[in-house]
Amino acid sequence: MPSARPLRVDAQRNRQRLLDAAVRLLPQEEDGSEVTLAAIAKEAGVGIGTLYRHFPTREALVDAAYRGELDRLCDSVDELVRDLPPDQALREWMDRFVEYMATKRGMGGALRALVAAGGDPFANSRRRLTDAVTTLLAAGVSAGALRADVTADDLLLGISGVTLATADRGDRAQVGRLLDLLLDGLRAPGPAR
């Protein structure tokens with residue numbers, strides 16, 4: 001079976017515009033109304049035909065938008081570990097995780113509809129997130145900055161708890177303080193501070 005040709009640069013750009021527009025607009029469905037595909041195409045600055053060439057169904061668009069946000073979060077780990085001290089890399093990633101969770105929550109209605117239609121956008125989510133956190137923790141342990149007895153699952157539960165507990169408060173400063181507190185608990189024991 002022949003492989004699909006890579007997308008032209010302009011087609012890649014249009015596809016990304018559509019995904020970005022979907023991520024911006026789909027959270028508006030939480031008020032009970034459905035954002036039309038035409039509205040998403042208009043927000044992206046492309047025609048509806050372009051949308052359907054990339055995403056033949058609404059479910060395909062929602063699935064790709066969610067997976068794109070997951071990829072953006074998880075793929076950022078290598079750059080963070082390369083460019084920042086391990087504890088700062090982890091803290092930056094924690095902020096990005098909070099943003100990802102807000103986007104996921106905003107897309108909740110569209111994601112539930114996708115699952116109801118037989119899709120499984122979360123099939124690889126747990127593995128991808130666990131791999132990302134494992135890399136961040138390993139960098140911190142290797143540098144002597146983070147405790148070695150914390151698992152990726154422990155950290156994901158902690159960050160998720162902060163995200164869920166503060167979701168309706170809208171107090172970004174509080175979220176930051178709680179993430180700082182969580183990171184302080186992850187630091188390797190050392191001389192008295």
Side-chain angles (χ1 to χ4, degrees), residues 1-30 33-86 88-136 138-139 152 156 159 163 172:
M1 184 170 181
S3 63
R5 291 185 319 198
L7 292 176
R8 295 182 331 252
V9 172
D10 62 328
Q12 290 174 5
R13 185 176 51 246
N14 287 341
R15 184 179 192 282
Q16 190 58 53
R17 285 180 180 165
L18 287 161
L19 292 172
D20 293 343
V23 168
R24 281 192 306 274
L25 294 182
L26 288 172
Q28 296 175 11
E29 293 184 345
E30 288 299 304
S33 63
E34 183 174 288
V35 174
T36 67
L37 294 179
I40 292 171
K42 182 178 179 182
E43 173 78 9
V46 301
I48 192 71
T50 299
L51 184 145
Y52 281 116
R53 271 193 298 283
H54 290 285
F55 307 104
T57 65
R58 178 181 183 80
E59 291 78 17
L61 175 62
V62 171
D63 186 62
Y66 168 73
R67 290 176 194 262
E69 291 302 294
L70 177 68
D71 289 345
R72 186 184 327 234
L73 173 67
C74 294
D75 293 347
S76 71
V77 168
D78 290 337
E79 178 185 337
L80 291 172
V81 168
R82 183 190 68 229
D83 295 345
L84 297 171
Q88 290 178 22
L90 176 57
R91 183 59 178 81
E92 174 62 28
W93 191 87
M94 292 164 84
D95 280 331
R96 293 177 186 193
F97 181 86
V98 169
E99 296 294 324
Y100 156 80
M101 288 295 287
T103 299
K104 180 181 170 185
R105 183 171 183 231
M107 293 175 64
L111 290 167
R112 285 188 292 278
L114 172 59
V115 170
D120 187 5
F122 311 115
N124 294 314
S125 299
R126 186 63 167 192
R127 180 190 55 78
R128 296 281 329 268
L129 290 168
T130 300
D131 289 350
V133 172
T134 298
T135 299
L136 289 160
L156 283 170
I159 304 169
T163 302
R172 188 66 179 106

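- The minimum heavy-atom distance linking Lys104 with Leu111 is given by the pair O-CD1, 3.8 Å.
- For the atom pair CZ of Arg17 and CG of Asp10, the computed distance is 9.5 Å after rounding to the nearest 0.5 Å.
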Legend entry - Derivation of the salt bridge (charged side-chain N to carboxylate O under 4.0 Å, His left out) call for Arg96 and Glu99: CA-CA 5 Å; Arg96 293 177 186 193; Glu99 296 294 324; over 6 Å; no
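- When all heavy atoms are compared, the tightest approach of Leu26 to Arg58 is CD2-NH2, 3.7 Å.
- Of all non-hydrogen atoms in Ala110 and Val62, the two that sit nearest each other are O-CG1, 3.7 Å.
- Listed by chain and residue number, nothing satisfies the side-chain hydrogen bond (donor to acceptor under 3.5 Å, both in side chains) test with Thr135 (two or more places apart in sequence, or in another chain).
- Phe97 and Leu73 get closest at one heavy-atom pair: N-CD1, 3.6 Å.
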Legend entry - CA sep, side-chain torsions, deciding dist, call: Asp78, Arg82, salt bridge (charged side-chain N to carboxylate O under 4.0 Å, His left out): CA-CA 6 Å; Asp78 290 337; Arg82 183 190 68 229; over 6 Å; no
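- For the residue pair Thr130 and Arg127, no side-chain donor N or O sits within less than 3.5 Å of a side-chain acceptor on the partner.
- Counting all heavy atoms, side chain and backbone alike, His54 lies closest to Ala11 at CE1-O, 3.3 Å.
- Between Tyr66 and Phe122, the ring planes lie perpendicular to each other; the angle is over 60°, past the 30° to 60° tilted range.
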Inset, instruction - Determine, stepwise, if the pair Arg13 / Asp20 fulfils salt bridge (charged side-chain N to carboxylate O under 4.0 Å, His left out). - result: CA-CA 10 Å; Arg13 185 176 51 246; Asp20 293 343; over 6 Å; no
Exercise answer: donor-acceptor pairs, residues 36-48 side-chain atoms, under 3.5 Å, sequence neighbours excluded:
from: Thr36; atom 1: OG1; to: Ala39; atom 2: N; distance (Å): 2.9
from: Glu43; atom 1: OE2; to: Arg24; atom 2: NE; distance (Å): 3.0
from: Glu43; atom 1: OE2; to: Arg24; atom 2: NH2; distance (Å): 3.2

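- Scanning all heavy atoms of the two residues, the minimum distance from Pro86 to Ala139 falls at CG-O, 3.6 Å.
- Contact check for Arg91 versus Leu80: no side-chain heavy atoms found under the 4.5 Å cut-off.
- For the pair Thr103/Pro27, no side-chain contact is recorded, criterion being any heavy-atom separation below 4.5 Å from C-beta on.
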